[in-house]
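Because the structure is predicted, anything quoted here is derived from the model rather than measured. Proteins get letters first, then strands, A, B, ... in listed order; numbering begins at 1 in each.
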Amino acid sequence: MSRYNFKESEARWQAAWDRAGCFTAHDTETDKPKYYVLEMFPYPSGRIHMGHVRNYTIGDVIARYKRARGFSVLHPMGWDAFGLPAENAAMARGVPPADWTRKNIDAMRAQLKMMGLSIDWAREIATCDPSYYKHQQRLFLEFLDHDLVYRRESWVNWDPVDRTVLANEQVIEGKGWRSGAPVERRKLSQWFFKITAFAQELLQALDSLDRWPEKVRIMQKNWIGRSEGARVFFDILGREAPLEIFTTRPDTLYGASFFAISPHHPLAAELAAGDPDLAAFVAECDRLGATEEAIETAEKKGYDTGLKVAHPFVEGRTMPLYVANFVLMEYGTGAIFGCPAQDQRDLDFARKYDLDVIPVVLPAGEDAKDFAIGDTAYVGDGRIYNSGFMDGMSVAEAKKTVIARLEAEDIGTGTVQYRLRDWGLSRQRYWGCPIPILHCPACGPVPVPKEDLPVLLPEDVSFDKPGNPLDHHPTWKNAPCPSCGAAARRDTDTMDTFVDSSWYFARFCCPQDTEKPLDPDLVDRWMPVDQYIGGIEHAILHLLYSRFFVRGLKRFGYTEHDEPFAGLFTQGMVCHETYRDREGRWLLPDEIDKQAGGAVVHRDSGAPVTLGRSEKMSKSKNNTVDPESIIGTYGADTARWFMLSDSPPERDMEWTAAGIEGAWRFIQRLWRLIGDAAPNLPPAGAPLPETLGPAALSLRRTAHKAIDGITRDIEAFRFNRAVAQVYELANALTGFKAKDGGDFWALREAFEVLVRLLTPMMPHLGEEMWRSLGHEALLVTLSWPEADPALIVDETVTVAVQVNGKLRATLELPRDTGEETARARALADPAIQRLVEDRAPRKVIVVKNRIVNVVV
RNA sequence: GCCCCUGUGGCGGAAUUGGUAGACGCGACAGACUCAAAAUCUGUUGUUCGCAAGAACGUGCUGGUUCGAGUCCGGCCAGGGGUACCA
């Protein structure tokens, strides 16, 4: 028996599938239910990594399984091809981003094809292709037409040396990653999608996404962050304009002891103009960085403006107004009042600046006379006191009452506030979809007429000068105003790449349509995506933006659906041990050698190597394993099989050399098993013999239980368990000694079941084994096996017998034995009698087919 | 900081969703085959005590609910993801 030759076999079956057009998605195949499987499309970084292998293996199992279940399947692939890395490569190596990207796409397509994925490659799209982004520009204009895009000023990280805007990840400890110069904050006019217009809808519809992980829905819910509260106007002594604040705790208004505004509040800017110390404080806040994380983890600091705010309900009471580093301009009104007794952050601030702490909520069971706040604010419910007209009310009552009072006096209103902010889409970058807008000195921003699209991204650009190449391109930005004909200039910003990925899934339904972005008939033929698969890191932004975008598409008449993804699965990361040499350099897994005694050394030098814990595969830790080299050494099926083994797909998995070798050995074992058995089997399609011996019957039970179990496991994304059951069936086949015709019949049945169950996971080996069993048809075209219900339940069950909750014996009982009989059998068991002795059981709990617990 | 998730043998993990903890795989050990090795096959393998029968302990820590907790509840600890310009 020769070894399984995966190289020859994998290429041959891939060609056979291709010839037969097995994976073409048919727009007109409407006699079958449709099923749209989609994995998040890759960024074309140059080579696929193990995360891709995991992602696309999972999706391919689902796609192949659903085809076998009789669905008309759409399983496409494309490229998230715009983005920063192409520009970084251009600057580092002088390669034009377009060339770099296209070369990467070609390389990665070839690698993905090696995996034997059941993809309809005719639908391939790349977001950097004008045939894609042309339609995206049109969609942008439709968002604009429907008042879902607007322009306003907002802040960016500015690198004064590179004269460029920096992404948050490019700001390291307040400095530009390339220049090392301290980053400044600048205000630029930018375009925004009005996602907040859908805040309530996006929140509410989460409840309908019952095939999404609960955790993702919770994260989105928290991100949208609906809160009910009040906007209140306060008078600032000696100033005309009142201060507007937002609070979720208007019931604690009597406990207010200070006010704080954001460093970016217009009032802060006005005051800073005449106050150098305040200007310095604002500058210090800016140096913190723009991320929420930096702001929230920084020490809370304030600057007393000297202004006093009047309390609306307490005659003569005034409170200081601070500029504070923890107040966000983007949330609410950029101004708050502080009630230290009932809010921990306010309390910390009050203690630091020695401000009053006036408790206004009395916890149940406390006495108003001696209840005091120490270092912990009281944020729970209770009775309102020290609060004039609200005294004696619950928190909820007080909120209602005070809002009514504020509204009656015309100094505030009850409002709903969302944490969600509008989606800024302008990027001061070259390698992205151009924003189809012209800026005319007379007419202002004017949309490029739809018939003039696409606005092509010029490819003759240079990265020699700092700044955005579009900005200093000699001719590109000059164009006449479509409205008045005057000389205008193009918007030199490009779109956030999240825009590209917010509708690609719909474009896969009609990728060849040159006329319009989307064909409503085809979109509704395939949408929504029935199963979307990708990393948990996209749980909020990408998925929320896509949900927003599809709501826009619905408004413009492109689809009837609100939601892009009916089912979502979030896979875990691929991790690997890390290795460092004595100098602390990270070593590749290929560079080390594990010796028998457990020592780890450098393969070439023999120098000792420190073994680090397992971490996500990354270039920076050098703990990557190259999929192409794995597939070249062991084959695609081995890589796919190991990806699905062991770790549940939603959890992080650990890539190990031992694991991939184990998968390789199993494939060889299957190959030997079928090679040894096949010549002795009855011909394919032989009828079921009239009588079967106990061995044959038992093997049939094992096989049919495997069908039942593996089917459920694939449906539930428990691939690791499906793999375990394939092992169990293979083990049963290994140990089976056929003696008569019935045994051989059962053996053929079990082999056929095994092959058909493993083929979504190892499709090439599946086809090869299917042929060994004497079949001509492509396995990939066959339907999924059905389990015989009579063969999947056992006649007897093992029931555990406990005494006081501890296992003391087991009983073999006929399935569904009655409670009385089970109890009697348990009490009659010698081991139980010995333990119970002559004590009368106080209680006997019987759970049918499971357990008898004797309590003495 | 905030939001979300995860934690079970030497290792990856399983546990019918509150009912026999450790399926299956890896590793290790022992045996068979071999001149030998590799490959393969068979067996053992949570820890401790015991010749054995068996017993005690055991699901990050800690407290609780229950006849019964890996599973439910409270409080911690550790690791990971997100934190709005990485994708």
For B/G27, glycosidic torsion class - syn if within 90° of 0, otherwise anti: anti
Value in whole Å for how far the P atom of B/U71 lies from CZ of A/R850: 18 Å
A/E537 (side chain) and B/C4 (base): donor-acceptor pair under 3.5 Å: no
NZ/NE/NH1/NH2 to OD/OE distance under 4.0 Å, A/R217 and A/E214: yes
Residue among A/Y504, A/W503, A/W79 satisfying ring pair (Phe, Tyr, Trp, His ring centres under 6.0 Å) with A/Y132: A/W503
B/G27 OP1/OP2 closer than 4.0 Å to side-chain N/O of A/R665: yes
Any A/N720 side-chain N or O less than 4.0 Å from OP1/OP2 of B/A14: yes
Base B/G80 paired with A/E615 side chain (donor-acceptor, <3.5 Å): no
Distance, rounded to the nearest Å, where A/W223 contributes CH2 and B/U83 contributes P: 6 Å
Side chain to side chain contact (heavy atoms under 4.5 Å, CB included) partner of A/T164, chosen from A/V156, A/D159, A/D471: A/D159
Under 4.0 Å protein heavy-atom contact, by nucleotide of nucleotides 48-67 of chain B - B base, S sugar-phosphate only: -------SSS---------B
Separation of B/C86 P from A/N88 CG (nearest whole Å): 12 Å
Strand RNA chain B in bracket notation, Watson-Crick/G-U under 3.5 Å with | for pairs to another chain: (((((((..(((......[....)))((((((.......))))))((((....))))..(((((..]....))))))))))))....
Nucleotide B/U83, atom C1' - distance to OH of A/Y331 in whole Å: 15 Å
Distance flag, aromatic centroids of A/F569 and A/Y532, threshold under 6.0 Å: no
Sugar-phosphate, base or nothing in reach of A/Q428, heavy atoms under 4.0 Å: base
Euclidean distance, atom CZ of residue A/R427 to atom C1' of B/A87 [Å, nearest integer]: 12 Å
